[in-house]
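As C-alpha cells, the structure follows; a few thoughts come after it.
Just so we're on the same page: letters track the sequence lines, and every chain starts at 1.
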There are 2 protein chains.
Amino acid sequence: MTTTSPQGRTELLRPDGSPVRVLVVDDELSITELLSMALRYEGWQIRSAGDGHGAVQAAREFRPDAVVLDMMLPDMDGLSVLGRLRRDLPDVPVLFLTAKDAVEDRIAGLTAGGDDYVTKPFSLEEVVARLRGLIRRSGAADRRSDSVLVVGDLTLDEDSHEVTRGGDGIHLTATEFELLRFLMRNPRRVLSKAQILDRVWSYDFGGQANVVELYISYLRRKIDAGREPMIHTRRGAGYLIKPAA
Amino acid sequence: MTTTSPQGRTELLRPDGSPVRVLVVDDELSITELLSMALRYEGWQIRSAGDGHGAVQAAREFRPDAVVLDMMLPDMDGLSVLGRLRRDLPDVPVLFLTAKDAVEDRIAGLTAGGDDYVTKPFSLEEVVARLRGLIRRSGAADRRSDSVLVVGDLTLDEDSHEVTRGGDGIHLTATEFELLRFLMRNPRRVLSKAQILDRVWSYDFGGQANVVELYISYLRRKIDAGREPMIHTRRGAGYLIKPAA
DNA sequence: TGCGTTTCTCAGAGAAATCACAGCTTGGGG
DNA sequence: CCCCAAGCTGTGATTTCTCTGAGAAACGCA
C-alpha cells in the first residue's frame with residue numbers, strides 16, 4: 001500500500017498500515033548511521049546490527065520486512081548470515097552491500113531469488129530505490145503499487161527506466177535518472193544542493209559541488225526544453241520540481 | 001490458471017487460486033537454498049528436505065504439486081525415494097537433478113512418465129522452465145496456460161524451442177535461447193548483467209561477466225538484424241526487451 | 001576419432017558519461 | 001542602478017562502459 005503524506009512524499013506501508021521494518025547490518029558504524037538516517041527519512045522503522053550474530057538475533061525479534069546486509073562482516077561470512085536469516089524469515093528480501101572489486105567474487109546467485117545488491121560506495125538514492133523495489137515485489141507491501149512516478153505530465157518508470165514528458169520519450173543517463181527520481185519523489189519541495197549531493201551521489205564523492213548545478217542544467221535541457229518549466233530554482237535554497245500548471 | 005502481476009510477470013496458480021507447492025530435495029544446503037530462493041520468487045510455496053527420509057515425510061504432510069529431487073542422496077538411492085514418494089502422491093511430477101556423467105538411459109526410463117530432469121550444474125532459468133512445464137502439464141495448474149511467450153512480433157515457444165520474429169523462424173543456440181527466454185519473461189524491465197548471469201548461467205559459472213554482453217550481441221544479430229531493435233541497452237543499468245513499436 | 005558447433009576469453013575500438021574548469025548571466029540587496 | 005554572490009552552461013579531458021572480432025577450448029555427434 002502507498003499513501004501520500006502532506007509533504008507530497010509517497011510512503012510504502014505494510015498491508016496493515018504499519019510502517020515497513022528494515023534491518024541494517026554493517027560493521028562500520030558510519031555506514032549503519034548513514035543508512036539508518038536515510039531509511040528513517042523514508043518513514044521506515046530501522047534496527048541495526050554490527051555483526052552476524054547480532055543480525056540473526058535482531059532479525060528474530062524485530063522481524064523486518066527487508067534486510068540490508070554487508071557481505072564483509074567480522075564474525076561470519078555473508079552467506080552464513082543469509083542462511084541463518086532465512087531460517088527464521090524465509091521470505092525476507094535482502095539487499096547486499098559489497099565492495100566494488102569483490103563483485104566478481106562470490107556474488108553468484110545473489111540476485112537470483114529476487115534479492116539484489118549494491119556496491120560500495122553507494123548512493124543513498126540507489127539503496128533506497130532498490131529496497132523499495134525489493135519490498136514492493138516481496139509482497140510485504142501491496143503488490144498493486146506500481147513503479148511509476150508521476151508529476152504533472154512527466155512520468156518516470158523505475159522498472160523500465162523510461163521517462164516521458166507529455167508522452168514523448170526522453171533518454172536520460174544514469175546520473176540524470178537518479179537525480180530526476182529524487183526530485184520526483186519529493187515534488188513541490190525545495191531540495192538543497194547539499195541534500196541532493198548527499199542523496200544522489202555516492203557517499204565518498206569528493207568533487208566540486210557544482211555537479212548538481214550541472215546536472216540540473218542537463219535535466220532542464222531534456223525535460224523542460226521549449227516547454228513550461230517544471231524544475232525551478234529557489235535562489236539560495238535549492239531546487240524543486242512541480243507540475244507545469 | 002495464470003495471473004499477470006503488475007510487473008508483467010506471469011504467475012502459475014492452482015485451480016483454486018492458491019500458490020503452487022514445490023518440495024526441493026537435495027543434501028547440499030547451498031543448492032536447496034538457491035533453488036528455494038529462485039522458486040519462491042516465482043510465487044511458489046517451497047519446502048525443502050536434505051535426505052530421502054525427510055523428503056518422504058515432507059511430501060506426506062506438505063503435499064506438493066511438484067518435487068525437485070536430487071538423485072544422489074546420502075541415505076537412500078533416488079529410485080527408492082521416488083518409489084516412496086509415489087506411494088503417497090501417485091501423480092506428482094518430479095524434476096530430477098543428476099550429475100552430468102550419470103547414466104543417461106536410467107534417467108530416460110524414469111522421465112518417460114512425464115517427469116523430467118536437469119543435470120548439475122544447472123541454470124535457474126532451466127530449472128524454473130522445466131518445473132513450470134511439469135506443473136502445467138500435470139494439471140495441477142490450469143491447462144489453458146500455454147507455453148508461448150510473445151513480445152511484439154517476437155515469439156518463443158518454451159515447449160518446442162521455436163523462436164520467430166515477424167513470422168520468420170530463428171535458430172538459437174541453447175544459451176541464446178535461455179537468455180532470450182529470461183528477457184521475454186521480464187519484458188520492459190531492466191535486467192542487470194548480474195541478474196542475467198545468476199539466472200541464465202549455471203550456478204558454478206566463474207567466468208567473465210562480459211559473456212552477457214557477448215550473448216546479447218549474438219541475440220541482436222539474430223533477432224534485431226536489420227529491423228527495429230527490441231533489445232535495448234540501459235547504460236550502467238542493464239538490458240531490456242520491449243516491442244519494437 | 002574427427003568435424004562442425006557452441007561456449008567463452010581476451011583485447012582493442014569506439015561511444016557515452018562524468019566531471020573540472022572557467023567565463024558568462026542573473027537576481028536582488030544596498 | 002550597481003555590484004557581488006549564486007547560478008548556468010560551453011568546452012574538453014578523463015574515465016567508464018559496451019560492443020565485437022578473433023581465436024582457443026570444450027562439446028556433441030557421427
Side-chain angles (χ1 to χ4, degrees), chain A residues 100-101 103-104 108 119 121 123 125-126 161 163 170-180 183 190-197 200-202 204-226 229 231-240, chain B residues 99-102 104-105 108 119-123 125-126 161 163 170-180 190-194 196-197 200-225 229 231-240:
Chain A
K100 181 127 192 172
D101 43 20
V103 177
E104 298 289 322
T119 57
S123 80
E125 267 305 283
E126 199 181 342
H161 284 213
V163 174
I170 294 173
H171 171 81
L172 298 184
T173 71
T175 306
E176 289 164 358
F177 181 83
E178 294 248 314
L179 172 56
L180 182 60
L183 293 174
V190 176
L191 301 166
S192 72
K193 280 187 265 192
Q195 267 180 306
I196 293 175
L197 207 53
V200 176
W201 272 261
S202 18
D204 73 337
F205 179 80
Q208 305 302 119
N210 90 321
V211 275
V212 176
E213 292 165 21
L214 186 60
Y215 272 87
I216 288 284
S217 152
Y218 291 158
L219 269 190
R220 281 177 166 149
R221 250 176 254 178
K222 294 182 176 179
I223 284 166
D224 286 345
I231 300 174
H232 305 269
T233 303
R234 287 283 172 276
R235 211 180 156 77
Y239 301 95
L240 86 165
Chain B
K100 188 126 199 169
D101 45 15
E104 296 272 326
D105 42 281
T119 58
K120 288 185 177 184
F122 47 78
S123 80
E125 271 302 286
E126 198 182 341
H161 281 214
V163 174
I170 294 173
H171 169 80
L172 299 183
T173 70
T175 307
E176 289 163 357
F177 179 83
E178 295 245 317
L179 172 56
L180 182 60
V190 175
L191 302 167
S192 71
K193 280 185 263 191
I196 294 174
L197 209 51
V200 175
W201 270 259
S202 21
Y203 55 80
D204 72 339
F205 179 81
Q208 306 301 310
N210 90 322
V211 276
V212 177
E213 292 166 24
L214 186 63
Y215 273 86
I216 288 282
S217 154
Y218 291 158
L219 268 190
R220 281 177 166 148
R221 259 177 241 178
K222 295 184 176 178
I223 284 166
D224 286 346
I231 299 174
H232 303 269
T233 303
R234 288 280 172 276
R235 204 157 215 277
Y239 300 95
L240 85 166

Check the interface with nucleotides 2-7 of chain C: list each N/O to N/O pair with the protein under 3.5 Å, or write none.
{"from": "C:dT6", "atom 1": "OP1", "to": "B:His171", "atom 2": "NE2", "distance (Å)": "3.3"}
{"from": "C:dT7", "atom 1": "OP1", "to": "B:Thr175", "atom 2": "N", "distance (Å)": "3.0"}
{"from": "C:dT7", "atom 1": "OP1", "to": "B:Thr175", "atom 2": "OG1", "distance (Å)": "2.6"}
{"from": "C:dT7", "atom 1": "OP2", "to": "B:Thr173", "atom 2": "OG1", "distance (Å)": "2.5"}
{"from": "C:dT7", "atom 1": "OP2", "to": "B:Tyr215", "atom 2": "OH", "distance (Å)": "3.4"}
{"from": "C:dT7", "atom 1": "O5'", "to": "B:Thr175", "atom 2": "OG1", "distance (Å)": "3.4"}
{"from": "C:dT7", "atom 1": "O5'", "to": "B:Tyr215", "atom 2": "OH", "distance (Å)": "3.1"}

Whole-Å distance, B:His232 NE2 to D:dC19 P, equals 12 Å
Round to the nearest Å and state the distance from A:Arg221 atom CZ to C:dT18 atom C1'. 14 Å
How long is the span from the CG atom in B:Leu191 to the CG atom in B:Leu197, to the nearest 0.5 Å? 12.5 Å
Would you call B:Leu179 and B:Tyr218 a side-chain contact if the rule is heavy atoms closer than 4.5 Å? no
Set of residues satisfying salt bridge (charged side-chain N to carboxylate O under 4.0 Å, His left out) with respect to B:Lys193, sequence neighbours excluded: B:Glu213
For A:Gln208 and D:dT14, what is the distance between atoms CD and P respectively, to the nearest whole Å? 16 Å
Starting at CG of A:Leu214, measure out to CG of A:Leu219 and round the result to the nearest 0.5 Å. 10.5 Å
Rounded to 10 degrees, the angle between the two terminal axes of the helix from C:dT1-D:dA30 to C:dG30-D:dC1, each from five pairs: 30°
Go through B:Glu176 and B:Ile223 one step at a time and tell me if the side-chain contact (heavy atoms from CB on, under 4.5 Å) criterion holds. CA-CA 11 Å; B:Glu176 289 163 357; B:Ile223 284 166; over 6 Å; no
Give, for atom CG of A:Leu180 and atom OG1 of A:Thr173, the distance between the pair rounded to the nearest 0.5 Å. 11.0 Å
Could you work out, with side chain to side chain contact (heavy atoms under 4.5 Å, CB included) as the rule, every residue matching B:Arg220, not counting sequence neighbours? B:Ile216, B:Asp224, B:Ile231, B:Thr233, B:Tyr239
Tell me the interatomic distance from A:Phe177, atom CZ, to D:dC17, atom P, rounded to whole angstroms. 18 Å
When you check every protein heavy atom under 4.0 Å of nucleotides 1-8 of chain D, what one-letter string (B, S, -) results, 5' to 3'? ----BBSB
Could you measure the distance from the CD atom of A:Glu125 to the CD1 atom of A:Ile196? Nearest 0.5 Å is fine. 10.0 Å
Shortest non-hydrogen contact between A:Ser123 and A:Val200, atoms and distance: CB-O, 3.2 Å
Applying side chain to side chain contact (heavy atoms under 4.5 Å, CB included) to B:His232 and not counting sequence neighbours gives B:Arg234, B:Leu240, B:Lys242
Tell me the interatomic distance from A:Leu219, atom CG, to D:dT9, atom P, rounded to whole angstroms. 12 Å
Should the ring pair A:Phe177 and A:His161 be called parallel, tilted or perpendicular, given that the plane angle runs from 0 to 90° and is split at 30 and 60? parallel
